[in-house]
Amino acid sequence: MTAIPSPDYVNSWYAASVSPPPAAPPLQGDTRADVCVIGAGIAGCSAALSLAERGYRVAVLEARRIGWGASGRSGGQVIYGLAAEQDQLTSLVGAQDARRIWDMSLSAIAQLRQRIARHAIDCDWVDGQMLTAIKARQWRALQDWHHELTNSLGYASARLIGNDELRTLLGSQRYIGALYDTNGGHLHPLRYTLGLARAAAAAGAQFYENSAMLDYRNGDGRIRARTAGGSVDCGQLVLAGNAWLGGTVPQLQRTLMTVGSYIIATEPLGEQRARQLIANNAAVCDTNWILDYFRLSRDHRLLFGGRVNYSGVDLRAVGPATARHMLRVFPQLAGTRIEYAWGCLLDITLNRAPNFGRLAPRSTSCRDSPATVSRLPGLPARWPPRPSQARASVSMFFRACSIAISRVACGCGARTRAGMLWYRLRDLL
């Protein structure tokens, strides 16, 4: 392995297992583009690749390094659908648009697979993802969801796994049933993000690393995004920075809840011992609101994540607490060395629904749950198909995806903690 020297990336197993390309130069001076993308994570790199392939001049501004944020640190799980349940989406946007969003989530997975193959992205792709039930009510909910998947949505790649079979697949007594999907899977998220960026650059997109956007201004039918070293004059602005946009976009900040998510990586376990934990090498997450998620790495480590925190706990204090959660699932790992522990700040909406929308006629935001690699983060790659079709395509996309979300009072940590306490208590019932 070749470790990435600090401070380029956090000290994660992902960063330690890649050899990064040289940093792209920061923006110096003024330049012009058809589209300026803010943030070089999965959403930003996907948008840049799609737009560059369709003939747009694209500039990507990244505050740190490509994949530095949540996209390069996530659980790496690829899951159909959204974090918000389908009936919740229906109540928010209506049955027709809820179905469109569902179809988009499947298109995102299909496109992810296609891009891995087309651009030869070496990202450790593995088929298979399982949602697990801890309690009887969760098992009933998975059965109901499977019925809806099969009979209402026509989704045929998921099947229920009962307790007896699950015991042969997971070396844990914590779960009583699962919903296993062969269309989902898992991958190395930093490798995937770097691969997308490499493909986008080959298609003509220009990346500027260590170039944080300070602000942007509208005028004369154009937008000027300003950094410490220069500016990008563009026709359209795509904001794909998630929680790392900070206070540069106040309209978004009022709708965000910033949370921390944490992952640990064990020492290499060896193939036999690793497969005693997850025999089918699937990615796994439970169905709690405050969930645990885990999978195996290519070098036979257990990557275990969870402890989503809504109260601003220091990201450096993640190892021992997350390890305790791991031992609750796999007590046989007591005494196993934890070699990496990392975390990341990310934003979510209160109803867990995605939000893709216009902030102004020429500025667009896209946000979804980045704890997974693909629910909707890759969807900016799907629009617009060609310059001549841009307006109609984007209009349809936003009609389906601009879901009303509640505003969060900025800085009101007590209110956020009180709201999330309810969901923690619900997990215990």
*In Å, rounded to the nearest 0.5 Å, how long is the span from CZ of R198 to CD1 of I121?*
6.5 Å
_With side chain to side chain contact (heavy atoms under 4.5 Å, CB included) as the criterion, how do D286 and Q138 come out once you've worked through the C-alpha distance, each side chain's angles and the decisive distance to 0.1 Å?_
CA-CA 9 Å; D286 65 39; Q138 295 174 336; 5.9 Å; no
*S46 side chain to A43 backbone, donor-acceptor under 3.5 Å*: no
*Does D122 have any salt bridge (charged side-chain N to carboxylate O under 4.0 Å, His left out) partners at least two apart in sequence or in another chain, and if so, which?*
R191, R298
*Could you tell me which non-hydrogen atom of C45 sits nearest to which non-hydrogen atom of L196, and how far apart they are?*
CB-CB, 3.8 Å
*Taking L51 as the fixed residue, which of D34, V60, V58 is the one that meets the side chain to side chain contact (heavy atoms under 4.5 Å, CB included) rule?*
V58
*Ignoring hydrogens and angles, tell me if any N or O in the side chain of T266 forms a donor-acceptor pair with the backbone of L302 under 3.5 Å.*
yes
*Working to the nearest 0.5 Å, report the span between CG of L149 and CD of Q86.*
9.0 Å
*Is a donor on one side and an acceptor on the other found under 3.5 Å between the side chain of R54 and the backbone of S50?*
yes
*Check: I42 main-chain N/O paired with S71 side-chain donor or acceptor under 3.5 Å*: yes
_Flag, side chain of Q129 to backbone of H186, donor-acceptor distance under 3.5 Å_ = no
*Look only at the side chain of S211 and the backbone of L27, and say whether a donor-acceptor pair between them is shorter than 3.5 Å.*
yes
*What closest approach, in Å, do R222 and G235 show between heavy atoms, and which atom pair accounts for it?*
NH1-N, 3.5 Å
*Determine yes or no for a side-chain-to-main-chain donor-acceptor pair under 3.5 angstrom, with Y192 supplying the side chain and I116 the backbone.*
no
*asked:* side chain to side chain contact (heavy atoms under 4.5 Å, CB included) for N281 and L296? Distances and angles first, verdict last.
replied: CA-CA 7 Å; N281 199 20; L296 299 175; 3.5 Å; yes
*Determine whether I79 and C285 make a side-chain contact, defined as any pair of heavy atoms from C-beta on separated by less than 4.5 Å.*
yes
*Do side-chain atoms of R73 reach the backbone of W68 as a donor and acceptor pair under 3.5 angstrom?*
yes
*Heavy-atom side-chain contact between R65 and Y9 under 4.5 Å*: yes
*Side-chain contact test, heavy atoms from C-beta onward, threshold under 4.5 Å: evaluate it for W342 versus N11 and give yes or no.*
no
*asked:* As an exercise, state the distance from CG of L237 to CG of N218, rounded to the nearest 0.5 Å.
replied: 8.5 Å
*side chain to side chain contact (heavy atoms under 4.5 Å, CB included) with Y175: which of T132, T287, I161?*
T132
*List the steps and the verdict of side chain to side chain contact (heavy atoms under 4.5 Å, CB included) for L187 and D124.*
CA-CA 5 Å; L187 51 69; D124 304 345; 5.6 Å; no
*Any side-chain heavy atom of E62 within less than 4.5 Å of one from F207?*
no
*Validation row: H188, S297 side chains within 4.5 angstrom (heavy atoms)*: no
*Kindly indicate whether the side chain of E85, heavy atoms from C-beta on, has any atom under 4.5 Å from the side chain of W145.*
no
*Side chains of Y180 and T182: do they bring a donor and an acceptor to under 3.5 Å?*
no
*Taking all non-hydrogen atoms of both residues, which atom of A178 and which atom of M130 are closest, and how far apart?*
CB-SD, 4.2 Å
_I need the full list of side chain to side chain donor-acceptor pair (under 3.5 Å) pairs touching residues 21-32, with sequence neighbours left out, sorted by first then second residue._
D30-S231, R32-D233
_What's the separation between atom CG in L269 and atom NE2 in H300, rounded to the nearest 0.5 Å?_
9.5 Å
_Using a strict threshold of under 4.0 Å (side-chain N to carboxylate O), is an ion pair present between R301 and D299?_
yes
*Which heavy atom in G81 sits nearest to a heavy atom in S105, and how many Å separate them?*
N-OG, 3.1 Å
*Over 60° means perpendicular and under 30° means parallel, so classify the ring planes of W102 and Y80, tilted if in between.*
perpendicular
_Shortest non-hydrogen contact between V93 and A98, atoms and distance_ = CG2-N, 3.6 Å
*What do the steps show when you test V232 against Y216 for side chain to side chain contact (heavy atoms under 4.5 Å, CB included), and what is the final call?*
CA-CA 9 Å; V232 179; Y216 70 93; over 6 Å; no
*In Å, rounded to the nearest 0.5 Å, how long is the span from CZ of R226 to CD1 of I223?*
15.0 Å
*Should we count CG of N151 as having more than 12 external heavy atoms under 6.0 Å?*
yes
*asked:* Is any side-chain heavy atom of S12 closer than 4.5 Å to one of I263?
replied: no
_Donor-acceptor check, side chain of R295 to backbone of G75, threshold 3.5 angstrom: yes or no?_
yes
*Side-chain touch W139/L160, heavy atoms, less than 4.5 angstrom*: yes
*For the residue pair S261 and Y293, confirm or rule out a side-chain donor-acceptor distance under 3.5 Å.*
yes
_Basic-acidic side-chain contact under 4.0 Å: D97, R100_ = yes
*Is R99 paired with D103 through a side-chain N to carboxylate O contact shorter than 4.0 Å?*
yes
*Where A341 and G319 come nearest, the two heavy atoms and their spacing*: CB-CA, 3.8 Å
_Once rounded to the nearest 0.5 Å, what's the spacing between atom CG of D181 and atom OG of S157?_
3.5 Å
